Student: 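So that we are looking at the same thing, I have put the structure below in structure tokens.
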Amino acid sequence: MVDLQDMKIEQAQEADYKALTDIAFSAKRYWNYPESYYELWCGELTITAAYITENIVFKAIHEETVVGFYSIVDNPSDAYFGDVFVKKGIWLEHIFVKPEYHRQGAGRLLIKHVKKICQAMGVETLSIFVDPFARGFYDKIGAHFAYESKSSIPGRFIPVYELKI
């Protein structure tokens, strides 16, 4: 177990793009998905410097190492991205934690920070596309299943949750 008492959460900087991308891919790889999925997810999981400046992105730091991050995006209107429908609203687009920090409270600390930021923005509900393996986490933090959505993986569906702020 890692003591996360001194974990800090601060706004991500453009220079963090590689570290955040590495965390996103390593967290997804934890679930041993087929390699073909990562090819389809490459654009979704790659964090660019521009993405960091255009969205709300915070990183979690433990002992000077970035161990996780989240991003909040405003989808200004209903839209399709390929076959995936994304409704208008505020979305928790990413929340990833390095696998060696899973089940140690880093995700809960990030969610607590997400809520604080959303409250300051006046956001009442946050929508979340949830990896099926992470449903338990979202259930534990009080998010509620809303509906099933097509995934970017053909023939696959994923849950969409809503988190009341």
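Below, each value reflects all heavy atoms present in this structure, side chains not excepted, and no hydrogens, waters or symmetry copies. Everything numeric in this text was worked out from a predicted model, so none of it was measured.
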Student: Where do Glu14 and Thr53 land on the side-chain contact (heavy atoms from CB on, under 4.5 Å) test, with the steps shown first?
Tutor: CA-CA 7 Å; Glu14 288 182 24; Thr53 60; 2.9 Å; yes

Student: Return yes if a side-chain donor-acceptor contact under 3.5 Å exists between Ser77 and Lys88, otherwise no.
Tutor: no

Student: Look at the side-chain heavy atoms of Ile, Leu, Val, Met, Phe, Trp and Tyr, link any pair under 4.5 Å apart, and say whether Tyr101 and Phe96 land in one connected group.
Tutor: no

Student: I'd like to know if Phe85 and Phe157 are part of one continuous hydrophobic network [Ile/Leu/Val/Met/Phe/Trp/Tyr, side-chain heavy atoms within less than 4.5 Å].
Tutor: no

Student: Check for me whether the distance between the ring centres of Phe133 and Tyr33 falls short of 6.0 Å.
Tutor: yes

Student: Between Trp41 and Phe25, does the ring centre distance come in under 6.0 Å?
Tutor: no

Student: From Tyr17 OH over to Thr21 OG1, what is the distance, rounded to the nearest 0.5 angstrom?
Tutor: 8.5 Å

Student: What are the two closest heavy atoms between Pro154 and Leu40, and how far apart are they?
Tutor: CD-CD1, 3.9 Å

Student: I'd like to know if the side chain of His62 reaches the main chain of Ala60, judged simply by a donor and an acceptor atom lying under 3.5 Å from each other, with no hydrogens or angles considered.
Tutor: no

Student: Please round to the nearest 0.5 Å and tell me the distance separating atom CD of Gln104 and atom CG of Leu109.
Tutor: 11.0 Å

Student: Looking at residues at least two apart in the chain, or sitting in another chain, which of them share a side chain to side chain contact (heavy atoms under 4.5 Å, CB included) with His113?
Tutor: Ile9, Phe58, Tyr70, Lys116, Ile117

Student: Take atom CD of Glu124 as the centre, draw a 6.0 Å sphere, and report whether it contains more than 12 heavy atoms from other residues, nucleotides or ligands.
Tutor: no

Student: Does a side-chain heavy-atom distance below 4.5 Å link Asn75 with Lys87?
Tutor: no

Student: Should Tyr30 and Val66 be regarded as members of a common hydrophobic cluster, given that ILVMFWY residues are connected when their side-chain heavy atoms come within less than 4.5 Å of each other, either directly or indirectly?
Tutor: yes

Student: Same cluster or not: are Met7 and Ile111 linked, directly or through other Ile, Leu, Val, Met, Phe, Trp or Tyr residues, by side-chain heavy atoms under 4.5 angstrom apart?
Tutor: yes

Student: With a 4.5 Å cut-off on side-chain heavy atoms, are Arg29 and Tyr38 touching?
Tutor: yes

Student: Mind checking whether Thr125 and Cys118 have side chains closer than 4.5 Å, heavy atoms only?
Tutor: no

Student: Measure the spacing between CG of Asp83 and OG of Ser152 and express it to the nearest 0.5 Å.
Tutor: 10.0 Å

Student: Leu92 and side-chain contact (heavy atoms from CB on, under 4.5 Å): which partner among Ile128, Leu110, Ile56?
Tutor: Ile128

Student: Looking at side-chain heavy atoms only, is the closest gap between His102 and Glu100 below 4.5 Å?
Tutor: no

Student: Quickly, which of Thr46, Leu20, Val73 forms a side-chain contact (heavy atoms from CB on, under 4.5 Å) with Tyr51? Name it, please.
Tutor: Val73

Student: Supply the atom-to-atom distance Phe69 CZ to Ile52 CD1, rounded to the nearest 0.5 angstrom.
Tutor: 8.5 Å

Student: For Ala106 versus Val97, what's the shortest heavy-atom pair and its separation?
Tutor: CB-CG1, 3.9 Å

Student: Any chance you could lay out the salt bridge (Lys or Arg N to Asp or Glu O under 4.0 Å) test for Lys18 and Asp22, step after step, and finish with the verdict?
Tutor: CA-CA 6 Å; Lys18 184 172 179 353; Asp22 290 346; 3.1 Å; yes

Student: Would you mind reporting whether Phe129 and Val84 have side-chain heavy atoms less than 4.5 Å apart?
Tutor: yes

Student: So Phe81 and Val86, do their side chains get closer than 4.5 Å, heavy atoms only?
Tutor: yes

Student: Could you walk me through whether Gln11 and Gln13 satisfy the side-chain contact (heavy atoms from CB on, under 4.5 Å) test, starting with their C-alpha distance in whole Å, then the side-chain angles of each, then the deciding distance to 0.1 Å, before giving a yes or no?
Tutor: CA-CA 7 Å; Gln11 195 157 18; Gln13 304 301 310; 4.3 Å; yes

Student: Could you check Glu148 against Arg156 for salt bridge (Lys or Arg N to Asp or Glu O under 4.0 Å), going step by step and ending with a plain yes or no?
Tutor: CA-CA 10 Å; Glu148 290 285 327; Arg156 180 174 182 255; over 6 Å; no

Student: What is the distance from atom CD1 of Ile23 to atom CG of Leu45, rounded to the nearest 0.5 Å?
Tutor: 12.5 Å

Student: Calculate, to the nearest 0.5 Å, the distance between atoms NE2 and CG belonging to His144 and Leu163 respectively.
Tutor: 8.0 Å

Student: If I compare all heavy atoms of Ala134 with all of Val130, which pair ends up nearest, and what's the gap?
Tutor: C-CG1, 4.1 Å

Student: Please test Glu44 against Lys28 for salt bridge (Lys or Arg N to Asp or Glu O under 4.0 Å), starting from the C-alpha separation and ending with a verdict.
Tutor: CA-CA 11 Å; Glu44 294 174 37; Lys28 269 298 203 196; over 6 Å; no

Student: Could you see if Ile90 belongs to whatever hydrophobic cluster contains Tyr138? Use Ile, Leu, Val, Met, Phe, Trp, Tyr and a side-chain cutoff under 4.5 Å.
Tutor: yes

Student: Measure from the side-chain N and O atoms of Thr65 to the backbone N and O of Val67, and report whether any donor-acceptor pair falls under 3.5 Å.
Tutor: no

Student: Working note: Glu162 + Phe145, criterion side-chain contact (heavy atoms from CB on, under 4.5 Å); need CA distance, chi angles, decisive distance, verdict.
Tutor: CA-CA 6 Å; Glu162 291 182 345; Phe145 174 79; over 6 Å; no

Student: Just by distance, no angles: are the side chains of Arg135 and Tyr161 close enough, under 3.5 Å, to form a donor-acceptor pair?
Tutor: yes

Student: Take Ile72 and Glu93 through the side-chain contact (heavy atoms from CB on, under 4.5 Å) test and state the conclusion after the steps.
Tutor: CA-CA 6 Å; Ile72 298 171; Glu93 187 163 74; over 6 Å; no

